[in-house]
Each structure stands twice: as C-alpha cells, then as structure tokens.
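Excluded from the calculations below are hydrogen atoms, water molecules and symmetry mates; all remaining heavy atoms, backbone and side chain alike, are included. Within every chain, numbering begins at 1; the chains are lettered A, B, ... in the order of the sequence lines, protein sequences first and strands thereafter. Note that the structure is a prediction, hence the values are computed from the model and not measured.
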2 protein chains.
Amino acid sequence: MVTISDIAAALGVTPSTVSRALSGSPRVKEETRLAVEQMAAEMGYERNVVASNLRKGKSDIVGIIVPRIHRNFFSNVIGGAESILEAAGYCVLICQTHERLEAEVKALRTLRNNQVAGVLMSHAIGARDGKHILDALGSHIPLVQFDRVFSDLPGAKVVSDNFEGAYAATKHLIEQGYRHIGTLAGYMNSEAYAARLEGWRQALRDGGLPEGEVYYDTIVRETGYEAGLKSIDAGCDALYSAGDFSALGAVEAARSRGLRIPEDFGIVGTANETFTSLMTPSMSSLALNPFEMGRQAAQAFLEGADGVRVVPMELKVRESSCRNHSDNQIPNNPCLK
Amino acid sequence: MVTISDIAAALGVTPSTVSRALSGSPRVKEETRLAVEQMAAEMGYERNVVASNLRKGKSDIVGIIVPRIHRNFFSNVIGGAESILEAAGYCVLICQTHERLEAEVKALRTLRNNQVAGVLMSHAIGARDGKHILDALGSHIPLVQFDRVFSDLPGAKVVSDNFEGAYAATKHLIEQGYRHIGTLAGYMNSEAYAARLEGWRQALRDGGLPEGEVYYDTIVRETGYEAGLKSIDAGCDALYSAGDFSALGAVEAARSRGLRIPEDFGIVGTANETFTSLMTPSMSSLALNPFEMGRQAAQAFLEGADGVRVVPMELKVRESSCRNHSDNQIPNNPCLK
DNA sequence: CCGGATAATACAAACGTTTGTACAACTTTG
DNA sequence: CAAAGTTGTACAAACGTTTGTATTATCCGG
C-alpha cells in the first residue's frame, strides 16, 4: 500500500503538501501539483478513504434504507438516487429492513457509526412516529425521507402526490361507470396511504357518490384477496387499491366469484409493478415515479435544503378498469383520452 | 461524541483497557469489564468504526456487486447473503453496474478503497475475462463470485447447476411432444449461459432429436421477440430460453404469428421472474435458487474456502409448456409427475 | 519472607490522512 | 534597502482505535 508519505519521500516534500496537492488546494504551486500527481500515478497511489474519513469526521457514503430492495418501486428510487449521488462523488450503501423496526434501527446505527454523509430512507410500516429514527441516527447526520415520511422529523422530504393520484384514479373509475367504489387502503400509520385514502374519498364526494367501503391493512396479495371478497359481498363494483399486490388479490377474489373484469368489477392498483402490464387482463395502476423520487431525494441531500418536494403520479389505464371501451386496443389507452 | 478515552478517564483506567474490555479480551478482569460496559452504556458510547477500521486495516463491510438490483434474481441473492452476513456482524454495501464495465471497475475500486472485508459479485456481461476485476480489487481482498463467474479468477465461486437445469427443461419439452426445439441462448461470454446451451444440446441428443436452432445474444424482451419470429420461420415448435424476459418476447412473437401456446408452440424460460406465474398463459421457467446462492456465497466468504459450490435449479412447470395436459389444473403441476 | 511466576493494567506507537500554524523564500512597496 | 506582504512548504497535532511491550500488582511455593 503506497501512502502520501511515500510520495512525499520520493519527491522530497512533506505529506501535507502531497495531501494538499491531491485535493486541489490553492496553496501548492502548479508545478508541485503536477509532479505529485505524476508520481502518485506512477506509484499507483490510491487514497485511503478510511483514514481520510476518520480525519474529516465523515465519509463519502450515503446510506439508503428501504423496506425491501426487490420491490420495483424501491429499486427504482435507489437507481434514481444513485444516478445523482455517484455523479457527485458519493457512493451508496443500501440497507433493507424487511419492514422490521429493529432492522431499521440497526441500519441507522450502522450508518451513523460508519459516519455516513447522509441517509435517504423510507421507513418501515409499523412505527407510530419517527422518534426511533432520530434516536438511532442522531441529529447531525442529514436525513432525507421519501415516500413514507414522518412529517414531524427534521430534514427534507420527498413524497408522491398521493392525494391527487388517488383522486384521479377514482375519478377514472367513476367515469367508467362504476358506482360503488371501495378502497383497499393499506396502513394508516403511513401518511402516503392516508393521503391516498383522502384522495379516493374526495373523488367520491366530488362525483356525487356516497361514502364507499374502506378495507384497512391490505397490503399483500392474501389480504387483498380477503378484502376483495368482502367488498364484493358488500356490493362494490370497483376498487381503488393503494397497492398493486393487494389489487392482484382482489382480481383473484373477483374471479373466484365468477365476476368478469372489467365488465362486472373494475380495479385500479397503485405502484405500477412490472406484473401489472403483463397479467391478463392487464391491470390499471397509479404509477409512482420512483426514479424521479430518488433523484429528488438525492438532490435534496446535496443541496441540504429542508422542505417537502412533491413528485406527481401518473395513472396508467389498462384493461382492468376500462369498461366503456373494453373492445378497443389497450396499448392506445383508449380510456385516457 | 464519547470516546474510549472519555470512559477511561471516568473510570481512572487507560483507553487500552477500555478497548480490550469492550472487545472481550481475556486480558481484563471480569470486574473491570463490567465496570467499563456499564460506564459505556451510561455515557452512551458507540464505537467509532471508522477509527477501528483504520487501525485494523479492514472494515466490517462486505460489498456486493450486481448488474441490476431490481432483477428478482439479484435482489434475492442479496437477501440471502444479507441473512448470513448480518448475523455474522457484517454490514452489506450494494453496488449495481447496470452491466457497464466501467461501473464495475469503479465499484471495485470504491470497495477496495473502503477496505471492505470482502466482495461478493456477479460480473457484468461484456467482459472477456476477469482481469479487470483482479486489477481493480487487488489480490488481498477475498472475492466470491456467484452466478456469472470467471473460473480463471481466484476465490470461491457459487453457480447454478445450469447444465442439469437446462437439460431438465429441454427434456420436459421433449416429453411434452415437442420435436423441433430451439434455444434463446444469451451471451456466450457468460459461463452460465454457455452451460445452459450445453444442457439443452445434450438433452436433444439424448432424446434422439437433431441439432436445434441457437439464437445468441437474446437477453431482453425485444431480442427475444425477434429471435422468436426467426425460430418460428425456421420451423421450431418450442424454445428453451436461457432468460425469462427473452422468453416473454418469444411468447409475444408466437402470438403475433397466431400460434397458440402451448398447443402450437411451447416455451420454457429461465429465472422464474415474478411475472412468469402471473401472465396468461403462465410461463414455465427454470428457477434459480437465488436466496440459497446468496447464502452460499456469504458462507464461502465467511469460511474463506475456495472452490466451487453448485446450487441446484428447479423446473417450475406451468401452462406455456404443458401440451399434454393443458386442460388440467395447473396449480397441481400435472406435467411434473 | 523472598524469588519467581502469573495476572492485570499502563504506556506508547502506530494506522494514513487532514489542517492550523509556523516558517522560509521571494516579491513588492515606501 | 528595510519593512511589509505574498506565496509555497514544512511542522506537528490531531481523528479514535488497536495492540505489542513494559510495568505493576497478586499469588504461590520454597
């Protein structure tokens, strides 16, 4: 391992000069800088970032904490954040919590102990507030929350326009002639889900429809299936689901009751998971914009600016909610017009 | 920030004693250890791992490099590796290369400069050999390769039983009565794809069928579509695809030619991506066992043992290749029996 | 009660970098 | 030409830990 002292010795200068030369300080002569750079290249020097981090008290690592990396949404957020952070010279450390609070706390501690430059995170479902986050991370490491945010925590936040999105999805169902629209609402300790619920509610009101059925804590296929059955029993003819997996469960529930989709039962999910466009019938979904959210989160970190950034959602209309034009070619998204 | 010196001062001992006490050295008295531990807890001490790493010359970070984290396969490998590594006290740093060689080299350098304890990786398609890996990582950091491996590199390797798997998949197609079976082979600079090609070839030979058509460099939906069309023109009635996305493209190609699946055209993909079980018709796929591969890779790292570990694959028979019993309930996998 | 072993702790040097301050060489100004 | 300013380097002290060696305390047998 070649160090700055080796370079210094080889050139007859001191390590401090080498350090400054390599970091582009204006305090070294251009001539010296060139000599140092050449010698460094020649000797195959690479900066020991661990030592550098110790001295500087922080590293060039940005931690990203997500519930599960295999979720399309999160892996795309990570991709978006990476694209910005790597260009800015940071490297990215990814942790997943599997929705477990202890894992989240452990990840935060690990990141803090590694003196990361910042943390971008989407918290695990199941926490009431962000107290544990503040406790585990401390207050001197910049925190950016995305998607699932605790608004009482300091730091920047990036969220989807959940209210508007759910509103648009529900309005679309109404326009398609559905009149009894329930919702698979997810967990209410997440502000994202809460906002979607409100968007759905408002769309019903604005559409002149009565309050619809709400099914809470529906987030996976199984719970979506059960809630789907219940909604059918309750007389619903459509569902806006705050998640795609639960929507998939609801599709299966409708099928098991012999209902045709979209003729008898309409469904719009949320998140635009890959499978939604590949299943038959293809499933309409309220797309988040994860890549953009990741970019925004990274930007917020780089700029050090607090405040909330809102990323718009986009409704992808597919077969599962297209009752009026079900004979049309779906690729052209006939209902959208 | 409270340091071991603070604890030492508070107890009237030296930092070295505190350090040894906290790391469980037998050189400190039980009584002293307890006092130190209590004081550390009281003062809210947390070890500065950066300093620790600098001194020890290595960190407790294990780097995992994959082409893309959003691929089901890779995110599951990561999950498997994590489950072992975290239990062993390591933390995991994930890098993705987007199949770009420069990104791979950069990731390796970053990991080396951060003095990671080890690297688990699956290289990007496109490299001839692993020279760049050795150059970028150096030879003193343990390397474990999984799935895509360069066998000329030192270190442990974990691979799927690609030959046996492809053999089984192809044999299955033959048993289903397909007689002209081509293959979407992927990239031949990956040993995994090469082994699958050989498995397919051997199964055809053992089944008494003539050589089939090989379509190289098919890895995504688009290239799968094109190769699918060509295979149909060439008279194929079935394809074993070394990837699921290309298989999906082939399904679409068959459909566009008006062929029924599986009656007129049979397809088996590889990787068991989520969408394969959700599409209609559901797609048979040769499942890798990514979680287990991740576990094995992590184990190989922990044990420091070189050598090759082989993880078996499992054929998931679904509708797209079930010509003989296409009226049966698929969930029971009738063809498997 | 002393010499020699053993146990427990103290001392101090590293790990490789960064950075404030001191110093030297040189240039400018009055 | 001396004083003052400017520029480029050297010096040295950190950052918080770990760890080899030295030192002190404790215990045992003779």
Side-chain angles (χ1 to χ4, degrees), chain A residues 1-37 39-40 43-61 89 109-110 112-117 138 140-141, chain B residues 1-37 39-40 43-61 89 109-110 112-117 138 140-141:
Chain A
M1 243 358 33
V2 32
T3 72
I4 53 172
S5 303
D6 299 333
I7 299 178
L11 288 170
V13 297
T14 60
S16 58
T17 301
V18 175
S19 174
R20 283 191 239 265
L22 291 175
S23 60
S25 158
R27 279 172 58 179
V28 300
K29 216 177 355 183
E30 187 61 20
E31 187 188 328
T32 314
R33 177 199 322 294
L34 288 172
V36 167
E37 279 168 356
M39 181 59 76
M43 301 175 74
Y45 169 78
E46 295 209 25
R47 161 197 268 123
N48 181 327
V49 299
V50 178
S52 171
N53 292 344
L54 172 60
R55 176 59 228 238
K56 292 193 294 192
K58 68 170 200 167
S59 74
D60 53 356
I61 298 178
R109 292 208 114 82
T110 302
R112 177 169 69 156
N113 292 345
N114 276 284
Q115 301 189 157
V116 295
H140 62 289
I141 296 179
Chain B
M1 242 358 31
V2 33
T3 72
I4 54 171
S5 303
D6 298 333
I7 300 178
L11 289 170
V13 297
T14 61
S16 59
T17 301
V18 174
S19 174
R20 282 191 239 265
L22 292 174
S23 59
S25 159
R27 278 172 58 180
V28 299
K29 215 176 1 182
E30 187 60 21
E31 187 189 328
T32 314
R33 176 198 322 295
L34 288 172
V36 167
E37 278 168 357
M39 181 60 76
M43 300 176 74
Y45 169 78
E46 297 210 23
R47 161 198 269 122
N48 181 328
V49 298
V50 178
S52 171
N53 292 345
L54 173 60
R55 176 59 227 236
K56 292 194 293 192
K58 67 169 201 168
S59 73
D60 53 356
I61 298 178
R109 292 208 114 82
T110 302
R112 177 169 69 157
N113 292 345
N114 277 284
Q115 302 190 156
V116 295
H140 61 289
I141 296 179

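As rounded to whole Å, 15 Å separates atom P of C:dT18 from atom CD of A:Gln115. The interatomic distance linking A:Glu46 (CD) with C:dT17 (P) rounds to 11 Å, in whole Å. Rounding to whole angstrom units, CZ of residue A:Arg33 and P of D:dT7 are separated by 15 Å. With rounding to whole Å, B:Lys56 atom NZ is found 13 Å from D:dG20 atom P. Counting to the nearest Å, the C1' atom of D:dT18 and the CG atom of B:Asn53 are 12 Å from each other. A straight line from CD of B:Glu31 to C1' of C:dA7 spans 13 Å, rounded to a whole angstrom. When rounded to the nearest whole Å, the span between CD of A:Glu30 and C1' of D:dT9 equals 16 Å. The interatomic distance linking B:Leu54 (CG) with C:dA13 (P) rounds to 17 Å, in whole Å.
Using modelled atom types and a 3.5 Å distance limit, the side chains of B:Thr14 and B:Ser16 yield a donor-acceptor pair.
Taking both residues in full, the closest heavy atoms of A:Val36 and A:Val18 are given as CG1-CG1, 3.9 Å, listed atom of the first, atom of the second, then distance. Of all non-hydrogen atoms in A:Asp6 and A:Met1, the two that sit nearest each other are OD2-O, 3.8 Å. Here the closest non-hydrogen pair linking B:Ser25 and B:Arg33 is O-NH2, 3.6 Å. Here the closest non-hydrogen pair linking A:Asn113 and B:Val49 is O-CG2, 2.8 Å.
When distances run from any side-chain atom of B:Thr32 to the nucleotides C:dA8, C:dG16, C:dT17, the shortest one goes to C:dA8.
Residues of residues 2-13 of chain A that place a heavy atom closer than 4.0 Å to DNA chain D, in numerical order, are A:Gly12, A:Val13. Within residues 17-29 of chain B, the residues that have a heavy atom under 4.0 Å from DNA chain C are, in order of number, B:Thr17, B:Arg20, B:Arg27, B:Val28, B:Lys29.
At a threshold of 4.0 angstrom between heavy atoms, the contacts of B:Ser16 include nucleobase atoms, whether or not backbone atoms are also involved.
The line from CZ of A:Arg47 to CD1 of A:Ile4 is 9.0 Å long, rounded to the nearest 0.5 Å. Rounding to the nearest 0.5 angstrom, the gap separating the CD1 atom in A:Ile61 from the CG atom in A:Asn53 is 7.0 Å. Here A:Leu54 contributes atom CG and B:Asn48 contributes atom CG; the two are 6.0 Å apart, rounded to the nearest 0.5 Å.
Residue side chain B:Arg55 reaches the base of D:dT18 through a donor-acceptor N/O pair under 3.5 Å, judged by distance alone.
Close to D:dT18, at under 4.0 Å from its OP1 or OP2, lies a side-chain N or O of B:Ser52.
Side chain of B:Ser23 to backbone of B:Ser19: a donor-acceptor contact under 3.5 angstrom is found.
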